[in-house]
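Data block below; observations after.
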2 protein chains.
Amino acid sequence: MEKEEREAVCPLKYALNLVGGKWKLPIICILAREESVRYNSLKRKLCGITNMMLSQSLKELEENGIVHREQYNEIPPRVEYSLTKEGRSILEPLDSLSEWGKTHMDRMQTQSPYCRECRDTK
Amino acid sequence: MEKEEREAVCPLKYALNLVGGKWKLPIICILAREESVRYNSLKRKLCGITNMMLSQSLKELEENGIVHREQYNEIPPRVEYSLTKEGRSILEPLDSLSEWGKTHMDRMQTQSPYCRECRDTK
DNA sequence: CCGCATCCTCCCCGATACTG
DNA sequence: CAGTATCGGGGAGGATGCGG
């Protein structure tokens, strides 16, 4: 994902790659419901994530213009993460996919409760 | 993906899992533009796919109600694959994600041509 | 408090060969 | 023509520990 192999990539695969991986979607869902969130607060809400994965996911999301990182040089250090305007604009497409998923789950008799993070992005 | 570990799954992750993996999206994009396609025709359009991956992907898509498999008992054997009505209904959400991706690619100065399969699902 | 480096594990996917 | 069986490599992601 970090490799500079800029091949032919269709916009759909491109978009899916940006939010791909295990943790990016949960991160986006949390940031969607709050103005800005501190690193450790984010970590507590994402049960089971390691520092490694959280910082890496945030870094990639930031590089792709989805997430904004605001660092305050205080003691103790404080860093706030939030969705950029670009980042917020992906919520609508994701919601429509989520709607499709909900309908499809019902139709396929796949009874599953919703996860805590992604319950509702609206 | 075949494991019976029906945990809590949000509709969004659920939907993304159905079209996840390396080949399912290209397959869907091809089937979106034709009424029905034979196995070997599908294989020729998907440069580089193996029998293993093609049959496995089709099987999972069929189990999930996205793809319909019609078998004709002729000699030589003939099998036609097509999108179900359910399958076609996911094209709209995917298109809106694709639109977002296109806009975002432009804004991020990521110049990339589109791939052959996903050029346009409409 | 925030984040990186290293090592290790698991499973997706490819290559190859074979069958009705 | 339309698949299945088996083996193995590589990359994503987890565990642990260190650094500013």
Side-chain angles (χ1 to χ4, degrees), chain A residues 1-5 7 9 13 16-28 30-31 36-64 67-82 115 117, chain B residues 1-5 7 13 16-28 30-31 34 36-64 67-82 115 117:
Chain A
M1 207 167 294
E2 286 302 304
K3 284 180 285 186
E4 284 301 331
E5 44 164 60
E7 299 175 13
V9 170
K13 282 183 189 168
L16 289 175
N17 268 342
L18 294 194
V19 299
K22 185 171 184 181
W23 296 105
K24 289 184 185 171
L25 228 30
I27 289 173
I28 290 173
I30 290 176
L31 294 180
S36 75
V37 187
R38 296 183 62 160
Y39 182 90
N40 268 340
S41 170
L42 214 37
K43 188 180 175 186
R44 274 189 299 273
K45 292 169 196 282
L46 297 163
C47 313
I49 197 173
T50 61
N51 281 325
M52 183 67 212
M53 291 313 296
L54 179 52
S55 62
Q56 182 181 324
S57 302
L58 286 169
K59 194 175 190 178
E60 290 177 16
L61 287 170
E62 188 193 357
E63 285 168 352
N64 291 319
V67 157
H68 173 70
R69 183 192 133 109
E70 187 70 38
Q71 178 167 356
Y72 303 90
N73 290 316
E74 306 170 351
I75 295 180
R78 185 171 126 235
V79 183
E80 302 254 3
Y81 291 92
S82 57
C115 68
E117 291 87 5
Chain B
M1 205 166 297
E2 287 300 304
K3 286 180 283 184
E4 283 302 332
E5 44 164 60
E7 300 174 12
K13 282 184 190 167
L16 289 176
N17 267 342
L18 294 194
V19 299
K22 184 171 184 181
W23 297 104
K24 289 184 186 174
L25 229 29
I27 290 173
I28 289 173
I30 289 176
L31 293 179
E34 308 194 35
S36 74
V37 187
R38 295 182 64 159
Y39 182 90
N40 267 341
S41 171
L42 215 36
K43 187 179 175 185
R44 274 189 299 273
K45 292 171 196 280
L46 296 163
C47 312
I49 197 173
T50 61
N51 281 326
M52 181 69 210
M53 292 312 299
L54 179 53
S55 62
Q56 182 181 323
S57 302
L58 286 170
K59 196 173 191 178
E60 290 177 15
L61 287 171
E62 188 193 358
E63 286 167 351
N64 290 318
V67 157
H68 173 70
R69 184 192 131 108
E70 188 70 38
Q71 178 167 355
Y72 302 89
N73 290 316
E74 306 171 350
I75 296 178
R78 186 172 126 234
V79 182
E80 302 256 4
Y81 290 92
S82 57
C115 68
E117 292 88 4

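Letters go in sequence order (proteins before strands), and every chain restarts at 1.
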Item to check | 5' precedence on DNA chain D between A:Met53 and A:Pro77 (nearest-nucleotide basis) | outcome: A:Met53
Checklist entry - Where each residue is assigned the nucleotide of DNA chain C containing its nearest heavy atom, which of A:Asn51 and B:Asn51 is assigned the position nearer the 5′ end? => result A:Asn51
Checklist entry - C:dC2 P sits how many Å from A:Ile49 CD1, rounded? => result 14 Å
Checklist outcome for this item: For A:Lys43 and A:Ile49 the tightest heavy-atom approach is CE-O, 3.8 Å
Next on the checklist: What is the separation between atom CE on A:Met52 and atom P on D:dG14, rounded to the nearest whole Å?
Outcome noted: 11 Å
Next on the checklist: With a cut-off of less than 4.0 Å, is there a side-chain N or O of B:Trp23 near OP1 or OP2 of C:dG14?
Outcome noted: yes
Next on the checklist: Under 4.0 Å, heavy atoms only, any strand: does B:Tyr72 hit a base, just the sugar-phosphate, or nothing?
Outcome noted: nothing
Checklist entry - Can you name the closest pair of heavy atoms from A:Trp23 and A:Ser57 and give their distance? => result CB-OG, 4.0 Å
Checklist entry - Roughly how many Å is it from CG in A:Leu46 to P in C:dC2, rounded to a whole number? => result 14 Å
Item to check | Partner set under salt bridge (charged side-chain N to carboxylate O under 4.0 Å, His left out) for B:Glu74, not counting sequence neighbours | outcome: B:Arg78
Item to check | Nucleotide nearest A:Pro76 when distance is taken to its side chain, options C:dC1, C:dA15, D:dC1 | outcome: C:dC1
Checklist entry - Phosphate oxygens OP1/OP2 of D:dT4: is one of them under 4.0 Å from a side-chain N or O of B:Ser55? => result yes
Next on the checklist: Please report the distance, rounded to the nearest Å, between CD in B:Gln56 and P in D:dA2.
Outcome noted: 19 Å
Checklist entry - Is any side-chain N or O of A:Lys22 closer than 4.0 Å to OP1 or OP2 of D:dG14? => result yes
Next on the checklist: Using whole Å, what does the distance between atom C1' of nucleotide D:dA5 and atom NZ of B:Lys59 come to?
Outcome noted: 12 Å
Next on the checklist: Expressed as a whole number of angstroms, how long is the span from B:Arg38:CZ to D:dC1:C1'?
Outcome noted: 7 Å
Checklist entry - NA contact type, B:Lys43, heavy-atom cut-off 4.0 Å: base, sugar-phosphate, or nothing? => result nothing
Item to check | Which atom of B:Leu18 lies closest to which atom of B:Lys24, heavy atoms considered | outcome: O-CD, 3.3 Å
Checklist entry - Separation of B:Leu61 atom CG from D:dG3 atom C1', in whole Å? => result 16 Å
Next on the checklist: With a 4.0 Å limit, can you tell me whether B:Tyr81 has a side-chain N or O closer than that to the phosphate oxygens OP1/OP2 of D:dG3?
Outcome noted: yes
Item to check | Close side-chain approach of B:Leu31 to B:Leu61, heavy-atom, < 4.5 Å | outcome: no
Next on the checklist: Does B:Asn40 reach a base, just sugar-phosphate, or nothing at all? Heavy atoms under 4.0 Å.
Outcome noted: sugar-phosphate
Checklist entry - Once you round it to whole Å, what is the distance between P of D:dA2 and CZ of B:Arg78? => result 9 Å
